[in-house]
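One structure is given here, and the rest of the page talks about it.
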Amino acid sequence: MLRIYNTLTRKTEEFQTLEPNQVKMYVCGVTVYDDAHVGHAMSALVFDVIRRYLEHRGYTVRHVMNYTDVDDKIINRASQLGEDPLTLSQRYIGEYTNELHSLNVLPATSYPQVSKTMPLIIQFIQGLVQKEAAYAASNGDVYFSITGDKDYGKLSGRKLEEMQAGARIEVGEAKDHPMDFALWKAAKPGEISWDSPWGKGRPGWHIECSAMNLAELGEQIDIHGGGNDLIFPHHENEIAQTESYTGKPFARYWIHNGMLQLAGEKMSKSLGNIVSIKDFLSKRSADVMRMLVLSGSYRAPLVFSEETQEAAEKNVERLKSALRPGSPSASGVIPETAAYLASAVDSARSGFTEAMDNDFNTAGGLAVLFELVKAINTARDNGARNEQLKSAQDVFKELTGVLGLTLAEKKGSSEKEAQVNALIAERNEARRQKQWTRSDEIRDQLKEMGVTIEDTKDGTTWRWG
RNA sequence: GGCGUCGUGGCCAAGUGGUAAGGCAAGGGUCUGCAAAACCCUGAUUCACGGGUUCAAAUCCCGUCGACGCCUCCA
């Protein structure tokens, strides 16, 4: 039985879908105006693992991830660069798409964009105005009226009277209540805009997700996700809009990932402490990024430091060790060892599911997999042949695959590989003649090339890294 | 100030009532010409601190201290 922590109820609840075996999941994507950073990667990876696990559990998942391609920051950036805002955002969408692919994130079912949802957004706002949940102000903006929404604040646990928003009203705004938020913003001169019943303008930030949700998944969905910095005001406002519009409960489960932290602080563009996905992937593998995320609870802050990255890299190497083949000269294992391995496989399978069923406890699932690594390696050390390892390795690959790990070996060019093989041949000749100094020289040379070698009784093996 | 999450060995981290998973790092050992890898062994009498409930608490309750997030754009 899968249980999920629901931000809305602050409880871990049994997961029940609206329709049998179908999951409708909407995850807030990014605002595309700059390079995405590893914090964005964390969020994408968290929901990728959730999606993979749901599919592993037999659900069909419709996974929608939106792009915010119309927004103040995009407009500012574009005007700085003298570029069309939608051209700019489209370029970053292309880059982010590639980065997600590099991170082995499964493609979503669809990727709606604000700029392509305009008629529905306007229709949505009109509906809210008709229901008197929203009002057009004198300045051409349209605001959502918070006071008419009796359960406003239920997601973030806030009460209207506790929110000190009075000081935040900017000059020029024409709100009835300080906490009212914009559904439609009147265009400033020269700004990109769309025609609407309230004049030229563009949508506010929150309405887009309500509208795209409705367009892609319907009035009610199973899972709505995003970073926990979106709980208020973004998701709170989404609930307010959608439920006012449809009159039905919106999302059954609200799932929020914790923030990635650099030196004890949240990584964010406004703080300027950014490590971009691009930078990360130029130094370390996608598996390492994923391992960092899998190592802890998705809801907790993620410590992103040299030390944790190094440990994650070692963890990935350790997992890979389970996939190494048995020795060609292996004699085979005794029945007791074979039975031990078989039971290790069984407990890995059940332990993995048990951990993951508990609110996607990936750290617990990983611990189970490390136990399986040990069992496989022990069997190999005790003389298991490839066919004796295979079924255990197959299960191991299946489960690491559910977490989205590739465990792929690094690759070099074929000419480099030829060079490496030549050096190893030379070294083995030196070793045969017990010329240890020469042989160690060659090993050092290979190390500098990024090659690690291992001498076994069946010969010398090597790998990049 | 308000709302929320959290504080577990050197580091990361699971466990949320039944007597502390796992990984990294460290030390010792097996193997090896030496390494590397793998394997074996060693480590929290204790879970921020102080009270309380219970036969039993890292886990529940109260208080204190501390960290982080949100309350303004944010994954």
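Naming convention: chains lettered A, B, ... in sequence-line order (proteins, then strands); numbering from 1 in each chain.
- If you take atom C1' in B/C62 and the same atom in B/U54, they sit 16 Å apart, rounded to whole Å.
- Of the residues in residues 286-295 of chain A, those placing a heavy atom less than 4.0 Å from an atom of RNA chain B are A/S295, in numerical order.
- For residues 26-37 of chain A, the set of pairs meeting the salt bridge (Lys or Arg N to Asp or Glu O under 4.0 Å) definition, not counting sequence neighbours, comprises A/D34-A/R77, A/D35-A/K278.
- The existence of a salt bridge linking A/R431 and A/D455 is confirmed by a sub-4.0 Å separation between a basic side-chain nitrogen and an acidic carboxylate oxygen.
- Here the rule is ring-ring contact (aromatic ring centres under 6.0 Å, His included) with A/H224, and of A/F47, A/Y253, A/F250 only A/F250 fits it.
- Listed nucleotides B/A75, B/C12, B/G69 differ in distance to A/V30; the shortest reach to its side chain belongs to B/A75.
- Note on A/G29: only backbone sugar-phosphate atoms sit closer than 4.0 angstrom, heavy atoms only; bases stay farther off.
- For A/D48 and A/R290, the salt-bridge test passes: some basic side-chain N is under 4.0 Å from an acidic carboxylate O.
- Across the protein-nucleic acid pair, A/H40 atom NE2 and B/A75 atom C1' stand 5 Å apart, rounded to whole Å.
- Checked against salt bridge (charged side-chain N to carboxylate O under 4.0 Å, His left out), A/K154 has the following partners two or more places apart in sequence or in another chain: A/D151, A/E243.
- Note on A/K314: a side-chain N or O is less than 4.0 Å away from OP1 or OP2 of B/A25.
- Straight-line distance between the P atoms of B/C49 and B/G10: roughly 13 Å, to the nearest whole Å.
- Comparing the same atom, C1', in B/A57 and in B/C61 gives a spacing of 11 Å after rounding to whole Å.
- For the pair A/N361 and B/A21, the criterion of a side-chain N or O lying under 4.0 Å from OP1 or OP2 is not met.
- B/U64: Watson-Crick or G-U partner is B/A48, with both key distances under 3.5 Å.
- For A/E14, the side-chain contact (heavy atoms from CB on, under 4.5 Å) partners at least two apart in sequence or on another chain are A/M1, A/Q16.
- The interatomic distance linking A/K266 (NZ) with B/C71 (P) rounds to 7 Å, in whole Å.
- Comparing B/C24, B/A14, B/G69 by their closest approach to the side chain of A/E265 singles out B/G69.
- One can place CD1 of A/I93 at 13 Å from P of B/A75, the figure rounded to the nearest angstrom.
- Nucleic acid contact for A/L369: none, since no nucleic acid atom lies under 4.0 Å from a heavy atom of the residue.
- What separates NZ of A/K269 from C1' of B/U72 is a distance of 17 Å, to the nearest Å.
- In this structure B/U53 sits in no base pair that meets the Watson-Crick or G-U test at under 3.5 Å.
- Here B/G69 presents its P atom at 20 Å from NE2 of A/H234, a figure rounded to the nearest Å.
- Closest to the side chain of A/N358, out of B/G2, B/A75, B/G15, is B/G15.
- Between B/A37 and B/U32, the distance separating the two C1' atoms is 11 Å to the nearest Å.
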Between protein and nucleic acid, restricted to nucleotides 27-29 of chain B and to nitrogen or oxygen atoms under 3.5 Å apart, what atom pairs and distances do you find?
none

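- Taking the six-membered ring for Trp and thresholds of 30 and 60 degrees, A/F360 and A/Y298 have ring planes more than 60 degrees apart, a perpendicular arrangement.
- Distance CD (A/Q261) to P (B/A75): 16 Å, rounded to an integer number of Å.
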Walk along nucleotides 33-44 of chain B from 5' to 3' and tag each nucleotide B, S or - by protein heavy-atom contact under 4.0 Å, base first, then sugar-phosphate. BBBBSBSS----
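- Rounding to whole angstrom units, CZ of residue A/R158 and P of B/C3 are separated by 10 Å.
- A straight line from OH of A/Y5 to P of B/G4 spans 10 Å, rounded to a whole angstrom.
- Classification of the A/W462-A/W464 ring pair by plane angle, with boundaries at 30° and 60°, yields perpendicular.
- The aromatic rings of A/F304 and A/F280 lie tilted to each other, with the angle between the two planes from 30° to 60°.
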